[in-house]
Engineer: 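Here you go, one structure.
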Amino acid sequence: MLKKLVVGALVSTVVATTASVAFAQEWPAAKPIRVIAVFPPGGSVDQVSRILAEALRVQLNQSVIVENIGGASGVIGTAAIAKAAPDGYTFGVVFDTHAVNPALKPTMAFDTMKDLEHITLIGTAPMVLASTKGSPITSFAQLVSEAKAKKSTSYGTIGTGSLGHLAIAQMAKNASFDWTHVPYKGGGPLMNDAIAGHVPLAVGSLFLIKPHADSGNVTPLAVSTSKRSKDMPNVPTIAESGFPGFDAPAWWGVIGPAKIPPAITSRIHAAVAAALKNPDVAKKLEAQGIELVGGGPEVFKPFVEKQMTTWSAFIKANNITE
């Protein structure tokens, strides 16, 4: 009887594996692929999604459609990905808020690590700390000097729990700076107030800050990554400016619902990685200030886990809520 059960189990496993392989070989012929951008149109997630979708259309010889499902710092769109059928026809592009949301929004309808496949880390980019219109601050050293003299100031970000908020809050707390966070509902409102001089400091991705720095409306003071940005080579890192070890990059990645057949996960990662090596695609993404990585699940999953651990600890220790 036991022998029959074992043989039956082996047969079932072989059949299931054969079916999975056959399905993977057919993919993606059945229907268009949907890429969910988890933020509204106009931002970096939308831009990255559309650049990637066109590249994947060429790589896979299949229609790839971008659908924007924004809201709740990416949670609503990510929930749609988690609930999608794991058939290889729904993927999504997420931002660095993906690793912050579990601690900031404990009532999410999905588990970030259990209900999602982390397929490809597209790339990273610096966050930029900039002084805004009318501010007398022209360098990070000057800003730190005034902060050490107990001069209070405030800084605007795209919202509570954003990477810009958490990274600068962590730095300010460790240095005992008297800085106040001013949350905005996105990059547009933040930069409108920054250009108008209503907030003295602004923190945002290179994608958000650089056009306004180029036009002279804000002055970049420092970047959040461990090395300088090739797009702002004269702007120092926070790490080299008295805060050794400071490294808080913005990032973008491709995810899918859990339980996608491994063969399809491998194929979509291979297609994304190949797209990122295309000179035209790379040029477009690098124009957004992104340093390409292209790491697969073995890179992306532990990266997200580390980000979640780091920022969850800080959020809980400082009672940060929305």
Side-chain angles (χ1 to χ4, degrees), residues 21 24-29 32-39 43-68 74 81 88-96 98-99 116-127 205-208 210 223-233 247 249-257 260-307:
V21 171
Q25 289 174 341
E26 293 175 1
W27 183 90
I33 295 169
R34 180 173 64 147
V35 174
I36 295 176
V38 303
F39 278 82
S44 65
V45 171
D46 177 59
Q47 295 292 324
V48 170
S49 298
R50 294 184 186 280
I51 293 169
L52 197 58
E54 175 56 25
L56 290 177
R57 181 190 67 77
V58 175
Q59 286 288 328
L60 299 171
N61 193 30
Q62 178 60 279
S63 296
V64 182
I65 301 167
V66 175
E67 181 180 354
N68 294 88
I81 298 165
Y89 291 96
T90 300
F91 298 94
V93 174
V94 294
F95 191 45
D96 51 53
H98 181 71
L116 296 162
E117 296 286 351
H118 292 81
I119 299 168
T120 306
L121 176 59
I122 297 169
T124 64
M127 302 295 291
S205 67
L206 184 68
F207 170 81
L208 178 65
K210 190 174 186 300
V223 296
S224 69
T225 40
S226 58
K227 61 181 181 179
R228 295 193 183 197
S229 167
K230 66 175 184 283
D231 294 295
M232 291 183 172
D247 186 25
W251 56 268
W252 296 259
V254 175
I255 64 170
I260 299 174
I264 291 182
T265 298
S266 296
R267 288 189 65 190
I268 192 68
H269 166 62
V272 172
L276 297 180
K277 292 178 182 177
N278 181 297
D280 291 337
V281 175
K283 183 177 180 180
K284 290 176 182 177
L285 291 172
E286 288 168 352
Q288 312 294 321
I290 299 173
E291 182 175 332
L292 300 180
V293 176
E298 74 287 352
V299 172
F300 192 21
K301 183 177 179 180
F303 175 87
V304 172
E305 289 175 331
K306 183 178 179 180
Q307 291 282 310

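All values reported here derive from a predicted model rather than from experimental measurement. Sequential numbering from 1 along the given sequence is applied to the chain's residues.
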Engineer: Distance from E117 atom CD to I260 atom CD1, nearest 0.5 Å?
Structural biologist: 5.5 Å
Engineer: Might you confirm whether atom NZ of K230 has over 12 heavy atoms from other residues, nucleotides or ligands at distances under 6.0 Å?
Structural biologist: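 Yes, the 6.0 Å shell around NZ holds more than 12 heavy atoms from other groups.
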Engineer: Answer yes or no: are there more than 12 heavy-atom neighbours, outside E291 itself, under 6.0 Å from its atom CD?
Structural biologist: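 Atom CD in E291 is not crowded, with 12 or fewer foreign heavy atoms closer than 6.0 Å.
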Engineer: Rounded to the nearest 0.5 Å, how far apart are CD1 of I268 and OG1 of T120?
Structural biologist: 7.5 Å
Engineer: For H118, run the side chain to side chain donor-acceptor pair (under 3.5 Å) check against E298, E305, K301, H98 and tell me which one passes.
Structural biologist: H98
Engineer: How about Q288 and S205: do any of their side-chain heavy atoms sit closer than 4.5 Å?
Structural biologist: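 Answer no - side chains too far apart.
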Engineer: Side-chain contact, heavy-atom cut-off 4.5 Å: I119 with V272?
Structural biologist: no
Engineer: If we only count heavy atoms from C-beta on, is the F300 to V254 side-chain gap below 4.5 Å?
Structural biologist: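 A side-chain contact under 4.5 Å is absent here.
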Engineer: With heavy-atom distances below 4.5 Å as the criterion, would you say the side chains of N278 and Q59 are in contact?
Structural biologist: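 SC-SC contact between N278 and Q59 ruled out.
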Engineer: Looking only at atom types and distance, does a side-chain atom of W27 sit under 3.5 Å from a main-chain N or O of G88, one as donor and one as acceptor?
Structural biologist: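 Checking the backbone N and O of G88 against the side chain of W27, a donor-acceptor pair under 3.5 Å is found.
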Engineer: Report yes or no: does D247 contribute a side-chain atom to a donor-acceptor pair with the main-chain N or O of S226 at less than 3.5 Å?
Structural biologist: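 Indeed, once roles are kept as given, a pair shorter than 3.5 Å links the two residues.
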Engineer: Using only atom types and a distance under 3.5 Å, with no angle test, would you say the side chain of N68 pairs donor to acceptor with the backbone of F39?
Structural biologist: yes
Engineer: Going by heavy atoms in the side chains, are K284 and E54 under 4.5 Å from each other?
Structural biologist: no
Engineer: Strictly distance-based, threshold 3.5 Å: is any side-chain N or O of Q307 a donor or acceptor partner for the main-chain N or O of A99?
Structural biologist: no
Engineer: Would you check if F207 and I290 make a side-chain contact, meaning some heavy-atom pair closer than 4.5 Å?
Structural biologist: no
Engineer: For the pair V38 and I81, evaluate side chain to side chain contact (heavy atoms under 4.5 Å, CB included) and give the outcome as yes or no after the intermediate values.
Structural biologist: CA-CA 9 Å; V38 303; I81 298 165; 4.0 Å; yes
Engineer: Hey, is the main chain of P233 close enough, under 3.5 Å, to the side chain of R228 for a donor-acceptor pair?
Structural biologist: yes
Engineer: Kindly indicate, with the supporting measurements, whether the criterion ring pair (Phe, Tyr, Trp, His ring centres under 6.0 Å) is fulfilled by W251 and F95.
Structural biologist: CA-CA 6 Å; W251 56 268; F95 191 45; 7.6 Å; no
Engineer: Check whether any side-chain N or O of S63 sits under 3.5 Å from a backbone N or O of P32 as a donor-acceptor pair, and report yes or no.
Structural biologist: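 Answer holds: no.
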Engineer: Taking the side chain as C-beta and beyond, is there a heavy-atom pair between I33 and L56 under 4.5 Å?
Structural biologist: no
Engineer: Is there a side-chain contact between L206 and V223, using heavy atoms and a 4.5 Å cut-off?
Structural biologist: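 No, every pair of side-chain atoms sits at 4.5 Å or beyond.
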